[in-house]
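In listed order, ligands and their atoms are each counted from 1. Only this structure's heavy atoms are used, side chains among them; waters, hydrogens and symmetry mates stay out.
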Amino acid sequence: MTDSLILTEIIGRVGIIRLNRPKVLNALNQELMHTLVSALQDFDKNPEIGCIVLTGSERAFAAGADVKEMADASPFEMIQMGYIEQWDALAAITKPIIAAVSGWCLGGGCELALACDMIVASESAKFGQPEITLGIMTGAGASQRLARTVGKAVTMEMVLNNRHLSAEEALGYGLVNRLTPVDTFFEEALALAKEIAARAPLALHSQKKAVTLAFDTTLPEGLAAERRLFFLLFSTLDQKEGMQAFLEKRPPSWRGA
Ligand code: HXC
């Protein structure tokens, strides 16, 4: 399917979404965010898809929220447009999402990558939260997700003084999973997504949920939830198949049931 603001494609069991506003470095306007979330939700509902890759162009993953669109907005209009809720909708997707990031990854764009589950970055990727230079602050999760990922000191420098992280620094701080040459970042993300998409679907679903809870809840609540999800998987055919296949020294054949 082709849309003006995003391009979608399915390769094997991987759903791919490419942000497509190249003239403005994929600035995230309202329409793009609604279209993006709707495409993510479609992939999430599709049993033929096991993993999602979200990417931009070589020059920009996304240079942030569309400044032009929000420049004259009042607080009420900002609330009413339901714009920031789109980041919550992305974070509620149950299938693993890999952000394939090259070039500018700023502001709301960086917050988009942070709301994904993993990041594969090209050597040209630059991560930053420049909101302070516009007289505003982060609004779609960076104050929490960035701080929990790279720690307080680096987060403070990024949000208070617009420090950018190079891809290499981002890898060092644990923001990024893999670092690749610019011309292979998408292929690397796709290869990772294909591997993940081939795994037992219900186990993937529960495992993502459990790790996500590590950021959303207390340790005792998270541990209790993990245990419930763990026990529940013993009701699935895939658990029987996975363990039987191991014992019979053959590859498992997943049913997603
Ligand atoms: C609207 C944008 C944009 C943005 C770039 N453009 N970023 N338009 N919103 N966030 C547009 C430029 O106006 C320009 O349009 C075209 O894209 C190319 O950008 P240039 O500036 O000419 O490119 P370059 O010199 O290479 O500089 C790249 C850049 C710079 C460093 C990324 O564009 C930049 O600083 N952009 C803004 C980054 C930013 O402040 N992001 C945070 C936004 S606030 P024309 O028409 O001139 O060719 C935010 C808050 C999130 O994200 C809150 C919750 C959602």
Side-chain angles (χ1 to χ4, degrees), residues 4-7 17-41 54-93 97 99-116 119 121-150 154-167 169-170 175-176 182 185 215:
S4 55
L5 299 174
I6 60 167
L7 304 173
I17 302 177
R18 193 178 291 278
L19 306 176
N20 189 40
R21 293 187 80 202
K23 286 187 186 148
V24 288
L25 309 182
N26 293 330
L28 305 166
N29 64 7
Q30 289 182 66
E31 197 187 342
L32 185 153
M33 285 307 296
H34 280 97
T35 313
L36 167 62
V37 164
S38 161
L40 284 166
Q41 289 169 340
L54 174 59
T55 194
S57 68
E58 231 173 73
R59 186 174 171 208
F61 178 72
D66 191 323
V67 177
K68 208 169 175 181
E69 195 178 63
M70 58 174 65
D72 295 326
S74 68
F76 183 69
E77 285 163 342
M78 286 301 295
I79 294 167
Q80 206 180 29
M81 66 174 76
Y83 176 64
I84 290 180
E85 282 79 350
Q86 302 307 311
W87 277 255
D88 298 339
L90 182 144
I93 297 296
I97 309 177
V101 174
S102 183
W104 298 110
C105 186
L106 301 178
C110 192
E111 289 170 313
L112 206 56
L114 281 164
C116 294
I119 301 177
S122 90
E123 283 164 351
S124 78
K126 289 169 284 291
F127 298 86
Q129 299 292 158
E131 287 87 344
I132 196 81
T133 67
L134 301 169
I136 57 166
M137 61 174 281
T138 61
S143 66
Q144 306 304 303
R145 292 199 178 99
L146 193 59
R148 286 165 198 227
T149 307
V150 305
V154 178
T155 299
M156 284 296 192
E157 207 177 335
M158 289 174 75
V159 299
L160 298 180
N161 203 28
N162 192 24
R163 169 164 173 206
H164 289 182
L165 295 186
S166 67
E169 288 174 313
L175 176 61
V176 155
V182 174
F185 78 99
F215 298 93

**Prompt:** Does G108 offer a backbone N or O that forms a donor-acceptor pair with the side chain of W87 under 3.5 Å?
**Reply:** yes
**Message:** In the structure I gave you, are the side-chain heavy atoms of L114 and L175 within less than 4.5 Å of one another anywhere?
**Reply:** yes
Contacts table for ligand 1: protein N or O within a distance under 3.5 Å of ligand N or O, distances only.
| unit_1 | atom_1 | unit_2 | atom_2 | d |
| --- | --- | --- | --- | --- |
| ligand 1 | 9 (N) | A65 | O | 3.4 |
| ligand 1 | 9 (N) | V67 | N | 3.0 |
| ligand 1 | 10 (N) | A63 | O | 3.1 |
| ligand 1 | 10 (N) | A65 | O | 2.9 |
| ligand 1 | 17 (O) | K23 | O | 3.4 |
| ligand 1 | 23 (O) | R59 | NH2 | 3.2 |
| ligand 1 | 26 (O) | R59 | NH2 | 3.0 |
| ligand 1 | 41 (N) | A63 | O | 2.9 |
| ligand 1 | 52 (O) | A65 | N | 2.8 |
| ligand 1 | 52 (O) | G108 | N | 2.8 |

**Asked** Is there a side-chain contact between T55 and F185 (heavy atoms, below 4.5 Å)?
**Response** yes
**Asked** Take atom CE in M78; do more than 12 heavy atoms of anything else shown fall under 6.0 Å from it?
**Response** yes
**Request:** Mind running side chain to side chain contact (heavy atoms under 4.5 Å, CB included) on L54 and L90 for me, showing each step along the way?
**Result:** CA-CA 11 Å; L54 174 59; L90 182 144; 4.2 Å; yes
**Asked** Nearest 0.5 Å, what's the CZ-OG distance between R21 and S57?
**Response** 13.0 Å
